Every structure is written in structure tokens, then in C-alpha cells.
Colleague: 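For reference, the structure I am asking about is given below.
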Amino acid sequence: MPDKKLIFSANKIKSRVKELAEQISKDYAGKELVMVGILNGAFIFMADLVRAIEMPLEIDFIRVASYGAGSVSSGSVTFTKDIELSIKGKNVLLIEDIVDTGKTLSFLKQHISDKKPASLKICALIDKKERREISVIVDYSGFEIKEGFLVGYGLDYAEQHRHYPDIFHLLSPEK
Ligand code: PRP
């Protein structure tokens, strides 16, 4: 097992997800909402968040790849799967697991905006604000952290560790 330190327990994540869902339900009440999960990292957060929201909504996914197999950003974003629902005139909420340099979201914000939604906001479980290279505003942020490579609850290192219910700081990835 790799060396890792607990950062956010499953219980802590669960209660924060509930709070985010309550805020989203309140803000979008009576509006047409499309929640778009960014694969792969957001799949667990998205699944928990949508189940905590008590209002009609549509769900879709989008996939880009910004990192290779390691932990350092390659600096480029590759678009691999588009959304399939029509979002013109609808309120879109992008769901992300973690915002780091901001490159992924800045690319996706432009791409989604071109499809003319009524509004576009971002919900991210974790905001690594201090690492930002491109300015991106996270409208709904679960937790803020300064540093550390996180795994679990959808977050990976070389496609490993996504299945942990808790979020850990990976101390020595190679072990
Ligand atoms: C991770 C994460 C975000 C992105 C954030 O995705 O899920 O999408 O990096 O980094 P950025 O703000 O520097 O762009 P990754 O490309 O590792 O793919 P994954 O979601 O499949 O893990």
C-alpha cells in the first residue's frame, strides 16, 4: 500500500456534499438545470451530489484529458467526449473533482459557452486555489487545499486509488 495521509474522511465529504446540494437546490429552484460531470475524476462526487439534490435535473458527462499517467500537468488539454444533451437556453452546472491550474475548466467553459446555455457555473469538490495559472471562479466549492497530491473519491494517481471512500494525501506514489 502506498504511504498516504487522511485529508477528508468519507463522513466529512458526505456532509459537505449535502450542504452543496442544498445550496444548489435553493439557487436553481424553478429553473431548468443540466449537471455536467467531468470524467473521469468527478464520477463519484457527481453520483453523490445528484442524489442529494431534490429538484428535476438532467445529467450528462464530458471528458477531457489534461494529465498523463503521472501527477504533473502536461499543460495541454485534449477533448475526448462531448456532452450529448442540448443545453441551449438551459442552466449548466459543471461538476469537477478538483481545480488545479484551471486549464481544464477554462477550456471547458469556453467550449460550453459556445453552445449558448442560459447560464454556466462551476461546482468543484476541491479547489487548489493557490496553484491557479488561469483564472477560474468556482461558484460552489467543497473544500480548499493548498498543496499535496490527493487520491480517493474519484481522484487518481496513474489511474489507481479512485475507489477509496475517503480522500488522502499521497505521500510516496511509487511504493
Ligand atoms: C484532473 C481533474 C481535473 C483536472 C484539474 O483531471 O479531474 O479535471 O485534472 O487540473 P487543472 O485545473 O490543472 O486543469 P485528469 O486530467 O487527471 O483526468 P481524470 O479526471 O480522468 O483524473
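What you see below is based on every heavy atom in this structure, not just the backbone, and it leaves out hydrogens, waters and symmetry mates. Keep in mind that what you see is a predicted model, and the values were worked out from it rather than measured. Both counts, for ligands and for their atoms, begin at 1 and track the order of listing.
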Colleague: Check each heavy atom of R63 against ligand 1 and say whether those closer than 4.0 Å belong to the side chain, the backbone, both or neither.
Modeller: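 R63 to ligand 1: side-chain contact only, backbone stays beyond 4.0 Å.
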Colleague: Using side-chain hydrogen bond (donor to acceptor under 3.5 Å, both in side chains) as the criterion, point out the one residue from R132, R131, K129, K128 that pairs with D100.
Modeller: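 Exactly one option meets the side-chain hydrogen bond (donor to acceptor under 3.5 Å, both in side chains) with D100, and it is R131.
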Colleague: Go through the side-chain N and O atoms of D27 and Q23 and say whether any donor and acceptor fall under 3.5 Å apart.
Modeller: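 Present: a donor and an acceptor within the cut-off.
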Colleague: Any idea which atoms of ligand 1 are less than 4.0 Å away from a heavy-atom of G41?
Modeller: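 By the 4.0 Å cutoff, the relevant atoms are 19 (P), 20 (O), 21 (O).
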Colleague: With heavy atoms under 4.0 Å as the rule, classify the contact between R162 and ligand 1 as side chain, backbone, both or neither.
Modeller: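 The answer is the side chain.
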Colleague: Once you restrict to heavy atoms under 4.0 Å, what part of L39 touches ligand 1? Side chain, backbone, both or neither.
Modeller: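 Contact part for L39 vs ligand 1: backbone (N, CA, C, O).
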Colleague: Are the ring centres of F149 and Y157 closer than 6.0 Å?
Modeller: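 Yes, the ring of F149 comes within the 6.0 Å limit of the ring of Y157, centre to centre.
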Colleague: Would you mind running through ligand 1 and noting each atom that sits below 4.0 Å from a heavy atom of D97?
Modeller: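 Listed by number with element, the hits are 2 (C), 3 (C), 7 (O).
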Colleague: Verify the distance criterion only: is there a donor paired with an acceptor across the side chains of D166 and S9 at less than 3.5 Å?
Modeller: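 Short answer, no.
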Colleague: So is V64 polar-close to ligand 1, meaning N/O to N/O under 3.5 Å?
Modeller: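 Not met; the criterion fails.
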Colleague: Classify the contact between N40 and ligand 1 as side chain, backbone, both or neither, using a heavy-atom distance cut-off of under 4.0 Å.
Modeller: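 For N40, backbone and side-chain atoms both sit under 4.0 Å from ligand 1.
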Colleague: Do the non-hydrogen side-chain atoms of V64 and T80 ever get within less than 4.5 Å of each other?
Modeller: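 No, side chains not in contact.
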Colleague: Between V34 and I83, does a side chain to side chain contact (heavy atoms under 4.5 Å, CB included) hold up when you go through it step by step?
Modeller: CA-CA 11 Å; V34 183; I83 49 173; over 6 Å; no
Colleague: Considering only heavy atoms, does T101 approach ligand 1 within less than 4.0 Å through its side chain, its backbone, both, or neither?
Modeller: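 Both parts.
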Colleague: Which class fits the ring pair Y164 and H161: parallel under 30°, tilted 30 to 60°, perpendicular over 60°?
Modeller: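 Aromatic pair Y164/H161 classed tilted.
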Colleague: What atoms in ligand 1 come closer than 4.0 Å to a heavy atom of E96?
Modeller: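 Going through ligand 1 atom by atom, the ones under 4.0 Å from E96 are 3 (C), 7 (O), 8 (O).
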